[in-house]
Visitor: 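Right, I'll just put the structure down here and ask away after.
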Number of protein chains: 2
Amino acid sequence: MNKVPTIYEVAQVSKVSITTVSRFMNNPDKVAPKTRLKIEQAMKELDFTPKADAVARARQGSRRIGILIPFLTAQSFVERLEGVHTTLRSEGYEIVTYLVDTQRQLQGYLSMLPVSGRIDGLIIMALPFGDEDVENFKRHNIPIVGIEVEHRDVSSITIDDVFGGELAASYLIGKGYRQCAFIGEGGEPPYSLHATGLRLKGFQKKLEVLGYPMDEDHICFHPYGMEASISCTKALISRKYRPDAIFCGSDFQAIGVIKAARALHIRIPEDIGLLGFDDTMIAGYMDISTIRQSLVRSGEMAAGMVIDHLKDSGNPVIHTQLELNVVERLTT
Amino acid sequence: MNKVPTIYEVAQVSKVSITTVSRFMNNPDKVAPKTRLKIEQAMKELDFTPKADAVARARQGSRRIGILIPFLTAQSFVERLEGVHTTLRSEGYEIVTYLVDTQRQLQGYLSMLPVSGRIDGLIIMALPFGDEDVENFKRHNIPIVGIEVEHRDVSSITIDDVFGGELAASYLIGKGYRQCAFIGEGGEPPYSLHATGLRLKGFQKKLEVLGYPMDEDHICFHPYGMEASISCTKALISRKYRPDAIFCGSDFQAIGVIKAARALHIRIPEDIGLLGFDDTMIAGYMDISTIRQSLVRSGEMAAGMVIDHLKDSGNPVIHTQLELNVVERLTT
DNA sequence: TACACTTATGAAAGTGCTTTCATAAGTGCT
DNA sequence: AGCACTTATGAAAGCACTTTCATAAGTGTA
């Protein structure tokens with residue numbers, strides 16, 4: 001019958017130029033209210049919807065950026081995600097979130113995303129990717145920014161996990177603790193919980209330097225989940241040489257420690273000190289001392305970086321490391 | 001530097017016109033084998049991907065659905081969001097997340113989204129919308145599904161908040177508590193924390209019916225945030241007639257209660273019982289008794305509903321209410 | 001070899017938008 | 001009234017292809 005309307009029809013009906021119609025859609029406030037009304041009416045009358053692909057073509061981009069993220073269960077991811085959102089939104093970008101469960105899914109996205117033309121930029125959070133992937137995206141002019149993951153040819157924002165561990169060690173020793181233990185989550189691919197290992201490494205090394213090396217028995221990795229975290233802590237606390245402080249790979253584990261301690265009638269911080277990592281909201285709620293990294297900030301910065309690369313593709317690759325500091329609360 | 005190649009480049013390299021290149025892609029058999037070879041080679045050399053083709057293919061393979069959500073700070077939203085993701089992903093849909101901060105933003109999205117042609121369906125979580133908005137989306141054939149928000153003409157998945165309150169009342173009285181209090185968050189638009197009010201209403205009514213009406217002084221609303229939550233609880237606990245149980249509008253407040261109680265050396269559940277709402281992960285971590293609603297499930301169901309509407313736009317509007325039940329843990 | 005017929009190819013005109021740049025119309029101020 | 005500004009609007013030039021139509025070769029046939 002009668003075909004689907006375009007801005008030309010809208011322009012004709014509302015007696016303005018297509019430019020004005022277009023402007024009405026993109027910068028409504030730059031169109032006089034009177035004109036706005038006419039266009040609005042014409043659109044309603046014609047039942048007009050802009051063709052998304054035409055828009056994308058003319059704009060030479062979709063004004064959409066994607067984000068690859070392992071899951072939403074970890075509070076730290078969510079907080080970073082929130083930072084990404086606020087920045088990107090204020091710049092007028094849409095965010096497409098891809099939850100990645102398996103290595104296969106990750107590879108699927110990594111190989112389809114650059115070709116599909118659906119996103120202008122990509123943020124990858126805590127998921128590993130290779131040279132080939134980077135090449136692929138680069139070829140299609142889609143900038144990548146890593147959060148909590150690094151690659152030589154891609155801007156990233158990370159923290160110095162080793163230093164984080166050292167910081168924890170210095171702090172705990174400074175507070176008078178002597179027998180430190182470590183609890184962390186043993187991750188599976190594709191999650192680069194590699195970070196946990198680095199934190200431990202720094203922690204361990206620094207303790208040695210300070211003259212209070214860790215007992216091998218005081219290192220404890222457990223699989224994902226609160227149950228595991230608790231039983232792991234219980235085992236740790238019940239050792240012959242009980243540690244007098246526990247440094248956790250993340251705030252999450254710290255909660256496990258609190259629960260285990262309560263069950264065993266061990267007081268925190270009197271009997272045992274407790275230090276988390278991340279300073280997620282929950283650490284604040286529960287008054288857990290922790291190593292703070294600015295999660296929201298990291299998201300914002302990453303978002304800013306993609307935008308910079310989008311604005312000027314010649315922009316240099318930047319590797320930013322966020323500051324870390326100890327937040328003393330009630331568990332140390 | 002090196003942009004993504006177009007048919008122009010391909011044409012140039014293979015020394016044919018763009019027409020022929022285009023034809024090669026659409027009707028290869030109408031191109032001489034010799035020419036075909038040249039083009040093929042040029043494409044390979046340039047690593048060319050037809051953009052429009054990609055867009056079109058992408059368009060039919062994976063469509064896009066949007067989700068309007070107030071913020072990611074509330075754990076309950078995140079869990080629902082996760083449910084939405086898993087279902088939608090398995091059906092090959094992309095998810096565009098719009099974080100809504102203000103009433104103005106909400107209206108902005110609500111009026112732009114249907115017209116912009118960027119999404120095929122929309123999930124609205126805990127944000128109010130009106131008849132006109134619904135009309136708008138309907139006109140453009142974009143199905144809406146509400147989570148935690150209802151509208152006559154739109155499928156939704158909600159819970160019976162009033163009943164939830166009643167459930168809490170029955171449970172607490174059944175456990176022997178007699179002086180119940182309520183703590184909730186006083187929300188600001190556009191967040192329809194209306195739910196909190198309904199929970200209170202059911203709670204209050206049922207308590208009356210059971211013969212243990214609430215003291216007016218035992219109802220406490222506070223603004224968003226842990227601080228507020230704690231001080232609110234402290235005030236409550238310090239009343240002349242101290243309540244022997246507190247029902248919280250969400251698990252979040254329950255944490256505040258725990259902290260306040262600890263500060264005041266009041267034991268839970270011995271001195272005072274505590275019941276949360278939602279059964280977010282944190283309630284599990286902290287062993288808080290609570291009213292469970294299947295958050296993840298609600299996300300999954302909502303996602304399923306959009307898909308159904310997309311597959312068959314004649315699909316009837318369905319209002320589903322999810323089951324609620326008491327989860328008894330260590331605080332009651 | 002001349003004539004009609006097929007191919008094979010390219011120039012140019014869409015496609016439905018955005019964006020840049022120029023111009024017209026107001027506005028305030030002296 | 002005259003001048004500098006500040007909107008509000010439109011003409012036209014993209015964007016990455018597809019399509020139409022014309023033309024140049026190539027093929028078969030009388």
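Heavy atoms only: backbone and side chains are in, while hydrogens, waters and symmetry mates are out. Just so we're on the same page: letters track the sequence lines, and every chain starts at 1.
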Visitor: Strictly by Watson-Crick or wobble contacts shorter than 3.5 Å, is anything paired with C:dT30, and which nucleotide is it?
Guide: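 Per the H-bond distance test, D:dA1.
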Visitor: Does C:dT9 have OP1 or OP2 sitting under 4.0 Å from an N or O in the side chain of B:Thr19?
Guide: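 It does not, given that no N or O in the side chain of B:Thr19 lies less than 4.0 Å from OP1 or OP2 of C:dT9.
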Visitor: Is the phosphate of C:dT18, meaning OP1 or OP2, less than 4.0 Å from a side-chain N or O of A:Ser22?
Guide: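 A:Ser22 to C:dT18 OP1/OP2: side-chain N or O found under 4.0 Å.
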Visitor: Salt bridge check, B:Glu148 against B:Arg80: does any charged N sit closer than 4.0 Å to a carboxylate O?
Guide: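 Yes, this pair counts.
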Visitor: Considering heavy-atom distances to DNA chain D, does A:Lys30 or B:Arg23 have its closest nucleotide positioned more toward the 5' end?
Guide: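 Mapping each residue to its closest nucleotide by heavy atoms, the 5'-most match is A:Lys30.
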Visitor: Does the base of D:dG14 carry an N or O that pairs as donor and acceptor with the side chain of A:Arg57 under 3.5 Å?
Guide: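 Side chain to base: no pair below 3.5 Å.
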Visitor: Is the B:Phe129 ring parallel, tilted or perpendicular to the B:His151 ring (thresholds 30°, 60°)?
Guide: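 Aromatic pair B:Phe129/B:His151 classed parallel.
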Visitor: Nearest whole Å is fine: how far is D:dA12 C1' from A:Ile7 CD1?
Guide: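 A:Ile7 atom CD1 is separated from D:dA12 atom C1' by 13 Å.
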Visitor: Checking all strands, does A:Arg59 fall into the base, sugar-phosphate, or nothing category for heavy-atom contacts under 4.0 angstrom?
Guide: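 Contact class for A:Arg59: sugar-phosphate only.
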Visitor: Looking at D:dT9, D:dC17, C:dA8, which one has an atom nearest to any side-chain atom of B:Thr6?
Guide: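 Nearest listed nucleotide: D:dC17.
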Visitor: For A:Lys34 and D:dA8, what is the distance between atoms NZ and C1' respectively, to the nearest whole Å?
Guide: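 These atoms are roughly 11 Å apart.
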Visitor: Heavy atoms only, 4.0 Å cut-off, all strands: where does A:Val31 land among base, sugar-phosphate and nothing?
Guide: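 Sugar-phosphate contact only - A:Val31 comes under 4.0 Å of backbone atoms but never of a base.
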Visitor: Under a 4.0 Å threshold between the charged nitrogen and the carboxylate oxygen, would A:Arg297 count as salt-bridged to A:Glu79?
Guide: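 Salt bridge: no.
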Visitor: Ignoring backbone atoms, test whether A:Gln60 places a side-chain nitrogen or oxygen under 4.0 Å from the OP1 or OP2 oxygen of D:dA16.
Guide: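 The answer is yes; a side-chain N or O of A:Gln60 sits under 4.0 Å from OP1 or OP2.
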Visitor: Categorize A:Phe48 for me: base, sugar-phosphate, or nothing, with a 4.0 angstrom heavy-atom threshold over every strand shown.
Guide: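 Result for A:Phe48 = sugar-phosphate.
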Visitor: Any N or O donor-acceptor pair under 3.5 Å from the base of D:dC15 to the side chain of B:Tyr8?
Guide: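 For B:Tyr8, whose side chain was compared with the base of D:dC15, there is no donor-acceptor pair (under 3.5 Å).
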Visitor: Look at the side chain of A:Thr35 against the base of D:dA8 and say whether a donor-acceptor pair falls under 3.5 Å; ignore hydrogens and angles.
Guide: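 Such a pair does not exist between side chain and base.
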